[in-house]
2 protein chains.
Amino acid sequence: MAAASRALNGRDGVDPCVRQRIQEVADELRYRPNRAARQLAGGRSSIIGLTLGNQFLVSSNYATALLGTIATAASTRAEGLMLIPDSGEQNSSVDNFLHDGMVDGVIISAMAVGSGWIEEFLDSPLPTIMIGAHPDRNDVHVVDVDNQVAARDAVEHLFDNGHRRIGAVTGPRSRVDSHRRLAGYYQAHERHGIAVDPELVIAGDYSNASGYEAADDLFAKEPDAIFAMNDDMAYGIVKRAHEQRVDIPGDISLIGFDATNPRGPINTPVTSMVQPFAKIANVAVQSLIALVEGKEVPREQLLRSELQRGQTVRDRSQA
Amino acid sequence: MAAASRALNGRDGVDPCVRQRIQEVADELRYRPNRAARQLAGGRSSIIGLTLGNQFLVSSNYATALLGTIATAASTRAEGLMLIPDSGEQNSSVDNFLHDGMVDGVIISAMAVGSGWIEEFLDSPLPTIMIGAHPDRNDVHVVDVDNQVAARDAVEHLFDNGHRRIGAVTGPRSRVDSHRRLAGYYQAHERHGIAVDPELVIAGDYSNASGYEAADDLFAKEPDAIFAMNDDMAYGIVKRAHEQRVDIPGDISLIGFDATNPRGPINTPVTSMVQPFAKIANVAVQSLIALVEGKEVPREQLLRSELQRGQTVRDRSQA
DNA sequence: TTGTACGCGTTATCAC
DNA sequence: GTGATAACGCGTACAA
C-alpha cells in the first residue's frame, strides 16, 4: 500500500521489479488517485485559480488568448484551472477561495487591478503570480512581456521604414504596461535623436472606441505613422481611416501591440508586436507551482516580443 | 463537533440556542470548512467542469458571454468552476476528470461537438448538461434558447416591417441550432403564406468571414432583407455592405441572432435575437446540480428569446 | 526495501 | 437534542 503510493508518485525506495508490477496492476484496474484524499493527506489541491477581472466579459482578445493558453499550460502540468469570477464587492466569495483550500495559488491578470478584491489575494499568504505589473506594489511576482523593449522595437521599426513624425495612442493611466510602452516610445526617439512632439501622444484606454476617437485627433496633426499601444485601438483607427478616406499605409503607417487581431480575409492585417501568450502562460503556471512548493521565484520575469509584419507599415526610406 | 457540522450546514436537530452560539464562534474564528475533507466525507467536490471546445480560443462573443455567465451562476451557488481545455486527442486528461472526482459534473457547450472526447463525457456516468443540442444523440440533457421560435420571430419581424423577399445565411451543418433556426425561417414563411426561394438560402458557418462572403451572393439576388443566423455573420454582411455601397437598412434590412455584438459607438447596432445567457447559465448550473443530487431533470429546457431592436431593419409596411 | 498505523477535516451513524 | 465514533482514500513517518 505504501509501496504503491511511492511507486505511483515516482518516489524512490521501491524495488524496480515491484514498481513495475504495481504500475501494471494500476493500469489494469484503471486506478486514479482520488484528488480529495490526496489533498487532505498532502495539503495540496493541484488546482490553481485564475482571475481576469471584469474586463474579460467584454471579450477582449487579449483576455481570451490568455485564458486559453493558461488552461492548456495548467492541464499540461496536471493542474486544474479554476475560474474566479469577479464577485463585485461581495468579498465573501474571495474569502472562501482563500481559506477553504480549493486552490493552491492564484494567477491574477493586471486587467483585474482596480477591482479592490484583488488586493485580498495579494495580501493573503496564498501564492500569487500577476500577469502584468501592479501599479502600486512591487512586492508581487510578475510575469509579462517586456513592454518597454517591445514598444521601443515597434517604434524603431517605424523609424527604420523612414518615418519620423510618429503619433501614439496610450492605454489607460492605471495600467503599468501602458506606461512602459510609452517609455519605450520615448526611448526609441532618444536613440534616434528625434524629439517627441507631445501633441502626437493621445490618451486612450485600450478600447476599440478610444482608438476610433483618437484617430481624428491624430489625422489632423498629420503624422507619418501611428503607434497604437494595443490592437483593439489599432482597429478603431483602421475603421476611422476607412471612413475618412485616409489610406493606411499609403498616407499613414500604423503599428499595434498584442497581435491579437484575428487575421482573416476580412480584417486588415495590422503590423503588431506579438504577445508570447504560450510562453507567458507556461512561465506563470510553472512559477506559481514553484511558489506553492516553497521555491524561490524571480520577482519579475519579462519575455521577449517579436514583430509580426502586417500590411500597415509602408517603407518610406527609399522614396 | 457533530452538532457544529449540522448547525453550519443548516440541518435540523440542533437546539436553536446552541446553533446560534456555534455560529458566533465560527464567525469569530473565521472558520471555513475544508473542501477536501468535505469532499472526502460527503463524496461531492462542489466543483463543476465546463468545456467549450476549440472554438472558444477563436474568441467568439458567444463563447465569452457563456463563460462569464456560467462562472457567475456557479459562484452564486458556491460551486467552483473548472475549465476543461480541449486536450486534442490526448484523452488521458479527460480520463482524469472522469475518475479522480475533481468535478461533480460537466457542462458541455454544443460548440465542442466534433471534438471526439466530448463523447467520453456523455458516455460516462458523470452527470452532464449540454448547452445546445447534440446532433446525434437525444439522450442527453439540454439547455438552450428555443432556436426555432426565436428564428421564426426574427423572420416575422421582417414580415411585419413589410419585407417579403428574405434571404438567409445558415450556420454549419453540424450544428443543430442552425437547423432549428432554418426551420423557424421556413415556418415563418408558411405562416405568412409566402414561398421560400431556395436561392436565397446561403450556407455559412457562423464565422465573420462566411457572412462577408455570403453577402455578395445575396446582394446579387436583391432580397428585401437578410436573416443572418448569428451576429458574427451579420457583421460580416455589414462590412461587405459598406464596401459595396449597399445601404443597410436603406436598400436591405438585416437581422442577426445572439445579440453578441458589442454595442459601442463604432459598431452598427444590428437588430438581433437575444441569447438569454444569464438564464441559460443559471438553468444549466441548477440542472447539473440537480442531476448530481440524483433528481430528475427535463431532457430539454428551451428558453425564450427577445428581439433586440437595432438600426438595421427599415419599416417598409407604410411606404 | 517493505508493511503498519496514524492523521488530514469533515460528514454520517449511532447509541445515549 | 447531543456527542462519541467510524468511515472517506491517500501520504508518510516509523518500525520491522
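Note on naming: letters A, B, ... go to the chains in the order of the sequence lines (proteins, then strands), and numbering restarts at 1 for each one.
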Enquirer: It should be established whether A/Arg11 places a side-chain nitrogen or oxygen under 4.0 Å from OP1 or OP2 of nucleotide D/dT12.
Expert: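 Yes, because at least one side-chain N or O of A/Arg11 sits under 4.0 Å from OP1 or OP2 of D/dT12.
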
Enquirer: Not counting sequence neighbours, which residues clear salt bridge (Lys or Arg N to Asp or Glu O under 4.0 Å) with B/Asp144? List them please.
Expert: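 So B/Asp144 forms no salt bridge (Lys or Arg N to Asp or Glu O under 4.0 Å) with any residue.
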
Enquirer: Extract the stems that DNA chain C is part of, considering only consecutive pairing runs of at least three Watson-Crick or G-U wobble pairs, both distances under 3.5 Å.
Expert: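 Counting only runs of 3 or more consecutive pairs, the stems involving DNA chain C are C:3-16 with D:1-14.
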
Enquirer: Return yes if a side-chain donor-acceptor contact under 3.5 Å exists between A/Tyr206 and A/Asp258, otherwise no.
Expert: no

Enquirer: Return yes if a side-chain donor-acceptor contact under 3.5 Å exists between B/Ser287 and B/Gln301, otherwise no.
Expert: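 Present: a donor and an acceptor within the cut-off.
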
Enquirer: Side chains of A/Ile289 and A/Glu79: closer than 4.5 Å at any heavy-atom pair?
Expert: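 Yes - at least one pair of side-chain heavy atoms lies under 4.5 Å apart.
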
Enquirer: Which nucleotide of DNA chain C is the first, and which the last, in the 5' to 3' direction, to come under 4.0 Å of a heavy atom belonging to chain A?
Expert: C/dT1 to C/dG9

Enquirer: Taking side chain to side chain contact (heavy atoms under 4.5 Å, CB included) as the criterion, tell me which of A/Leu50, A/Ile131, A/Leu52, A/Leu122 meets it with A/Ile108.
Expert: A/Leu122

Enquirer: With heavy atoms under 4.0 Å as the rule, sort B/Arg19 into base, sugar-phosphate or nothing.
Expert: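 Contact class for B/Arg19: none.
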
Enquirer: Closer to the 5' end of DNA chain D via nearest nucleotide, is it B/Asp15 or A/Ala37?
Expert: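 Its nucleotide being nearer the 5' end, the pick is B/Asp15.
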
Enquirer: Taking atom types as they are modelled, would you say the side chain of B/Arg6 forms a donor-acceptor pair with the base of D/dG3 within the 3.5 Å cutoff?
Expert: yes

Enquirer: For the CE atom of A/Met1 and the CZ atom of A/Arg6, what is their distance to the nearest 0.5 Å?
Expert: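 Spacing of CE (A/Met1) from CZ (A/Arg6) equals 11.5 Å.
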
Enquirer: Mind running side-chain contact (heavy atoms from CB on, under 4.5 Å) on A/Arg175 and A/Met111 for me, showing each step along the way?
Expert: CA-CA 8 Å; A/Arg175 295 287 296 273; A/Met111 293 182 294; 4.0 Å; yes

Enquirer: Is there a side-chain contact between A/Leu8 and A/Tyr31, using heavy atoms and a 4.5 Å cut-off?
Expert: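 Yes, at least one pair of side-chain atoms sits under 4.5 Å.
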
Enquirer: Between B/Pro33 and A/Asp12, which residue's closest nucleotide on DNA chain C lies nearer the 5′ terminus?
Expert: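 Upstream on the strand: A/Asp12.
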
Enquirer: Under 4.0 Å, heavy atoms only, any strand: does A/Ala2 hit a base, just the sugar-phosphate, or nothing?
Expert: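 Since a base atom lies under 4.0 Å of A/Ala2, the category is base.
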
